[in-house]
Amino acid sequence: MKHLTAPLVLALIAAACAASPGSGGVPAAPPIPDGPVLVVEFSGGCMMMGPNCQRWVVDGDGTVEVFRVGTDVTPVTTVATDPALVERLWSAATTADPGALRARLPEGRCNGCVDGIDTTFTFTTPGGTATFRSIETELVRSEPLLDAAWAVVEATEPLVEVPTITR
C-alpha cells in the first residue's frame, strides 16, 4: 500500500501545480497596465459639421479620456467606466490571438463613405498592440475580445458629453 501512496501523492501535487495560475499550468494573466488598454476612434460622418469625431483612450483603471479626432492635445472630457468591464476586456486581450481573430472576421465596410460612422479599436496586448478597423473587418460581437470592447463603448457612451462644433 505504501508503494501506491507515494506515486498517488506525487501525482496529486503535480496536478495541483499544473492547475495553479503561474505555476507552469495555466499562466496567470499579466496585471492590467496603468496606461491605455483600448483606444476607440470614431470617424466618418461625425466630421461633416465640424471636428466632432471622438477618440477615447481607456486606461486600465477605467479612466476614459475623450479627445476630438485631429485635436489630440487636450482631452475634451474625462469620465470613468466600469472597472469590471475593463478587467473583462484585458482578460480577453491577453488570451486573444489577433492574427487568428482577424482571419475569422467577415469583411468590413466603409460606413463613412455614406455619412455613417466607422470604428477603430486598438488593443494593448501583452505582445504589443492590435488594431481592428470596421472598414476592413466587421467588428462582430460573437468574438470575446470585440464583445468586451463594445461593452466598454456601450457603458461609457452615456457618460461622454462633448459639445457639437459646427463650421
Side-chain angles (χ1 to χ4, degrees), residues 18-47 51-112 116-163:
S20 298
S23 65
V26 177
I32 298 175
D34 293 332
V37 294
L38 173 65
V39 175
V40 182
E41 188 167 307
F42 303 101
S43 60
C46 47
M47 289 298 283
N52 294 303
C53 291
Q54 299 173 11
R55 180 174 176 256
W56 299 359
V57 178
V58 182
D59 285 342
D61 66 357
T63 301
V64 181
E65 292 182 310
V66 180
F67 299 86
R68 289 184 192 278
V69 172
T71 59
D72 289 344
V73 181
T74 305
V76 176
T77 189
T78 300
V79 298
T81 196
D82 183 351
L85 292 175
V86 177
E87 287 178 23
R88 177 178 157 217
L89 174 72
W90 181 246
S91 177
T94 60
T95 58
D97 176 343
L101 173 57
R102 191 175 318 284
R104 288 192 305 270
L105 293 174
E107 187 175 333
R109 66 180 189 177
C110 180
N111 293 318
I117 306 296
D118 294 307
T119 305
T120 300
F121 290 144
T122 301
F123 301 94
T124 297
T125 67
T129 59
T131 300
F132 293 86
R133 294 176 180 86
S134 63
I135 62 173
E136 297 168 354
T137 57
E138 189 177 342
L139 305 177
V140 296
R141 296 290 302 249
S142 58
E143 293 291 343
L145 178 58
L146 299 175
D147 184 56
W150 283 119
V152 169
V153 168
E154 290 169 353
T156 307
E157 193 169 31
L159 307 173
V160 175
E161 294 182 24
V162 177

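- Going from atom CG of Asp97 over to atom CZ of Arg104 covers 7.5 Å, rounded to the nearest 0.5 Å.
- With values rounded to the nearest 0.5 angstrom, Arg88 atom CZ is found 4.5 Å from Asp147 atom CG.
- Within a 6.0 Å radius of CZ in Arg109, no more than 12 heavy atoms belonging to other residues, nucleotides or ligands are found.
- To the nearest 0.5 Å, atoms CD (Gln54) and OG (Ser43) are separated by 12.0 Å.
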Trp56 and Val152: CA distance, side-chain angles, deciding distance, side chain to side chain contact (heavy atoms under 4.5 Å, CB included) verdict: CA-CA 11 Å; Trp56 299 359; Val152 169; 5.7 Å; no
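- With hydrogens and angles disregarded, a donor-acceptor distance shorter than 3.5 Å links the side chain of Trp90 to the backbone of Pro30.
- Across all non-hydrogen atoms, the minimal contact from Ala155 to Pro158 is O-CD, 3.6 Å.
- Side chain of Asp61 to backbone of Thr63: a donor-acceptor contact under 3.5 angstrom is found.
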Step-by-step side chain to side chain contact (heavy atoms under 4.5 Å, CB included) determination, Ile117 to Asn111: CA-CA 6 Å; Ile117 306 296; Asn111 293 318; 5.7 Å; no
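- Between Ala96 and Leu145, the shortest heavy-atom distance links the atoms CB-CD2, 3.9 Å.
- When each of Thr120, Asp118, Val153, Asn52 is paired with Phe42, the side chain to side chain contact (heavy atoms under 4.5 Å, CB included) condition holds for Val153 and for no other.
- Minimum interatomic distance between Leu146 and Val140 (heavy atoms only, all atoms of both residues): CB-O, 3.2 Å.
- Thr129 contributes atom OG1, which lies 11.5 Å from atom CG of Leu38 (distance to the nearest 0.5 angstrom).
- Closest approach of Thr119 and Val40 over heavy atoms only: CG2-CG1, 4.2 Å.
- For the residue pair Cys53 and Gly44, the shortest heavy atom distance occurs at SG-N, 3.9 Å.
- The residue from Thr77, Thr78, Val79 that alone fulfils the side chain to side chain contact (heavy atoms under 4.5 Å, CB included) condition with Pro75 is Thr78.
- Annotation: the span from Arg68 atom CZ to Cys46 atom SG amounts to 10.5 Å, rounded to 0.5 Å.
- Considering all non-hydrogen atoms of both residues, Val76 and Pro163 come closest at CG1-CD, 4.5 Å.
- Rounding to the nearest 0.5 Å gives a distance of 12.0 Å between CZ of Arg102 and CD of Glu143.
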